[in-house]
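Order of the sequence lines sets the chain letters (A, B, ...), proteins ahead of strands, with each chain counted from 1. Keep in mind the model is a prediction, meaning the values are calculated, not measured.
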Amino acid sequence: MLSPVLVIGVTFTYLLSLFAVAYVGDKRAEAGHSIIASPWVYALSMAVYCTAWTYFGSVGRAASAGVWFLPIYLGPMLAMILAWLVVRKMIRIAKTYRITSIADFIASRHGKSPLLAGLVTMITVVGIVPYIALQLKAISSGYAVLTLPLGEQLTTPTDWWSDGTLYVALALAGFTIMFGTRHLDSSERHEGMVAAIAFEGVVKLLAFLLVGIFVTYGMFDGMGDIFGQALVSENLAKLLAFDQGQPFVYSQWVTLTVLAMLSVVFLPRQFQIMVVENVDERHLRRAAWVFPLYLLLINIFVLPIALGGLLFFGEGKANPEIFVLSLPLAAGQNALTLLAFVGGVSAATGMVIVEAIAVSTMVCNDLVMPLLLRTRRFGERSGGDLTGLLLGIRRLAIIGILLLGYLYFHLAGEAYALVSIGLISFAAVAQFAPAMLAGMYWKGGTRNGALAGLLAGFVLWSYTLMLPSLAKSGWMPADFLHHGLFGINLLKPEALLGLEGLDNLSHSLFWSLFANVTAYVLVSLGHRPSAREASQALLFVDVFQRTSTTHPVFWQGQAKVTDLLHLAGRFLGEKRAERLFTDYARQVGVHDIGQIPADAKLVHFVETQLTGAIGSASARVMVASVVEEEALELDDVMRILEEASQLRAYSQALEEKSHSLQLATDELRAANEKLKSLDRLKDEFMSSVTHELRTPLTSIRALTELMQDDPDMEAEQRQQFLGIVVGEAERLSRLVSQVLDMAKIESGHVEWREADVDMREVVQQAVSSVAATCRERGIALHMQLPEKLAALRADSDRLMQVVLNLLSNAIKFVPVSNGRVDVRLQDAEDGVTVTVTDNGPGIPADKHVLVFEKFRQVDNASGSQQGTGLGLPISRQIVEHFGGHMWLESEAGRGACFGFFLPR
Amino acid sequence: MLKSSMTSQRLLALFAVGVALLNFPLLALWKHEVQVLGVPLFPLGLFLVWVILIVLLALIMETGED
Amino acid sequence: MSKTVLIADDEPNILISLEFLMKREGYRVVVAHDGQEACELIANEHPDLLLLDVMMPRKTGFDVCHEVRANAEFKALPILMLTAKGRDTDVTKGLAMGANAYMVKPFSTKELVQKVRELLEAAA
């Protein structure tokens, strides 16, 4: 037992720190440094799905039904797989048309119908009240466990003013007002609130995990211990079994999964967080898997805590829904108990804050405003600024919603388990699914179809689920439950038209959704959509096919800029409106507000801005009141659409043209670069050739001048000089012919004579032509040829040139006394290989590439016969011309082996 | 465009797999009354399927391009 | 005592002709076959004049020139560059590196002798 002062003090401190987080979030957002612009924060804020239901109710559910608490989290897992397809489209639609609630979404899609928006809001309020009550119940019973002696039950006081739950409701209302309605924003986003929700997401997860770890490993000896003990008990073993002593109820499993799938998107708070508060739709990529991971983590210890509680307290001895608190409390862990309570409060407040903000926006924009706009009194004061009024309505709505929740808690809360209360709400919001989903993917849905579907679904939900829940709590006669309305058996609410064999939830969900979908489709197909319905359907379904500049504006008529500015000022505030108009003026390329063309685009702009503040239906009514509209016919819609698509085609063509221009520019630039680099190469080549020509000329000139100066030169000396001169002259002529050869090959002017070539003959001839030189220098020349060889198609003279080049290189480099050159011709399936191996100095690996480049002699040959630096490059070009390749294998000091391969 | 439709197809396929694994009749795969490391097979199997779905979803989402 | 001329060139035939020419003029001759060898010989032999080819393996004539000028001992050592690359940029670069004169191959033996004589006289 803890002192009430401590519990309340800690709780309030925690709520204040939440508010501090929100405050920082808002300040940072104003300064332009959003702290929620991260996929992680986005995913954590989605965890507002996990309320007191998860925190307390799941354990209760698990204690009575084993794994049946899980479908509520497996459904979201499945839904998030499709989030990138479905939720992303919702985000795009909501952002493009400034939609801020589900009611607005459905109404805007079906021709901006105020009636439809009102209906959706009504259903939401009625459907969500039990859910709010659930949170209040959780907080108050949690508080009772902490502050009352163990085992003592909470007694509801008879005087309403002494009921603590009422004050909890009011305190939460106060917080929600501070979080959500401090100012009016046309995009209806609350950065601070999202930051606080993400923060409380972390707190509740950590608190729950800590309790789970404490129970599993502190009070018991790990998972194996808990499950082991549970399996010994007959009742608990049955709880863990797959069929639990009766056939597995697949229908209910599926129902729960489907309900959760729909709820995770269509609950007002989920829509608020996922769609309205989304910063960047790309965040969905990561959040889509992080959010299910969060759900997995928070569920790991649900069964251990439930079983642990049952084993510890004994079955039926304590309320399983508060095991999370009572287990650590019973173990004397006061600090942990307090933390667990803060986690639970976190879960409950997070839900209440977001839900109340979302629902209050709907109530204000879609229920109260449309009614106010019709009254005369409102018309009289219509000149003034209405932003204060809007905020006031929202604040009142928040208080109203929480008081309704308190009322439901007071009337029916005691009779029902947390999870059952929540499921009633789930089934209510599931009614939005047909109009939302069909509206996003099917252009045929109309306002009347949506009205009919929602009404049918809501009536059946009320009759088969809501009213029975009230009847079972004893607040209305339960007769109709057992005997049907007016005593007609077929109208029994939990076995409608005699449909039996389903649990009441599956039964209700089946009937309500069946009626909902059927009515939506049949009524929609029963009449032609109006122009506005058709145009809105186009804008929603094709939202990804248009950008803001090319989407069509379905409006015609006449307007005045001043009227529109005045209108915007009333709902957004004078300053904001002025700023918006100035920005718009800049966007359309004029200097001040007065020059803005009062066209359809401006009307659309103002209407979109107003939609953010007061909802699409009210915005429509308000805009229509200050401009002179011409009725829009279906033909006009088609014409506007045609114009828009022409505009789009035009802008696409323009884009393509500039793209191809860019391509051409790039090509030209590349060509220019190539030319420049070719020019550089040519320059280098010329410089190299000059150098190679001048070098032998230098020797020739110097030596001849020396001989000329000295006619009496010794004969021997003269002979040596003459020998050098002759050698250098030969080198010159060889160089000239090779340069020409190279130039011819490179420019493609060589005449290749292709004929059947016997490679054996080519190699033999080449070898015999150098045999004499080898004998002179004492070089051992070996040749190895295959017996037989199929002919190749090639130019035999050119191949001879290649082999000779390799041979003369080898001869040049081998040592004088014991030189050795091996020529080998090998035959293979796909071609022939020729290798020339010498025992010369070899070539280091880093020079292997160089030897095949022009004018790159790696090391000078000994003796007077100089290479030109073109032999190998030419040889390689020849081999490559015939589809072959040439290589070098060598290491410094180990001789060299040049080879080439020619394909057949 | 081609790549994004690839992501869509993968997501739809994964959704189909998820629906199949968490429904009749495949759910009965975990019916056997045995324990793995002391934990009964039925809850353990569900968590296993859950983990696999999260990992696959993460792979699809994190590798796809806009 | 006769002056010492160091000739560095990687072309053996050019070395032969330059060596003969310089000896005929009465100089003592030291030959190097590449830039690296030239640097070593300069330190050991203290020549009075360098005849440097530009395109040599291991170290180019520019590098040798640069290295020589970096050493205070050889600040005043006359250097005559010989190159087969006759582009203006090469001439400028050679002079920038600290060469005293520059001749393009193939050179006239008379002019070369004249130039060598001038450089040695200027240095003395």
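A 4.5 Å side-chain heavy-atom check between C:Phe20 and A:Gln720 finds every atom pair outside the cut-off.
Test A:Ile724, A:Thr698, A:Leu703 against C:Ser17 for side chain to side chain contact (heavy atoms under 4.5 Å, CB included) and you get one pass: A:Leu703.
Applying the ring-ring contact (aromatic ring centres under 6.0 Å, His included) rule to A:His881 yields the partners A:Trp752; only residues at least two apart in sequence or on another chain are considered.
Atom NZ of C:Lys105 sits about 6.0 Å away from atom NE2 of A:His691, to the nearest 0.5 Å. In this structure, A:Glu728 CD and C:Ile14 CD1 are separated by 7.5 Å, a value rounded to the nearest 0.5 Å.
Annotation: maximal heavy-atom pairing with chain C below 4.5 Å, among A:Ile700, A:Leu706, A:Leu697, A:Val725, occurs at A:Leu706.
Closest heavy-atom contact between C:Pro106 and A:Arg701: O-NH1, 3.3 Å. A:Ser699 and C:Asn13 make their closest contact through OG-CB, 3.5 Å (heavy atoms, listed as atom of the first residue, atom of the second, distance).
With salt bridges taken as basic N to acidic carboxylate O contacts below 4.0 Å, one links A:Arg731 and C:Glu11. Between C:Arg24 and A:Asp710, no side-chain nitrogen of the basic residue sits less than 4.0 Å from a carboxylate oxygen of the acidic one, so the salt-bridge criterion is not met.
Within 6.0 Å of CZ on A:Arg718 lie more than 12 heavy atoms contributed by other residues, nucleotides or ligands. No more than 12 heavy atoms of other residues, nucleotides or ligands shown are found within 6.0 angstrom of NZ on A:Lys682.
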Original post:
So A:Glu705 and C:Leu21, side chain to side chain contact (heavy atoms under 4.5 Å, CB included) or not? Walk me through it.
Top reply: CA-CA 10 Å; A:Glu705 279 183 15; C:Leu21 180 68; over 6 Å; no

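Scanning residues 110-120 of chain C against chain A with a 4.5 Å heavy-atom cutoff picks out C:Lys110, ordered by number.
Contacts between A:Met686 and chain C at a heavy-atom distance below 4.5 Å are absent for every atom of the residue.
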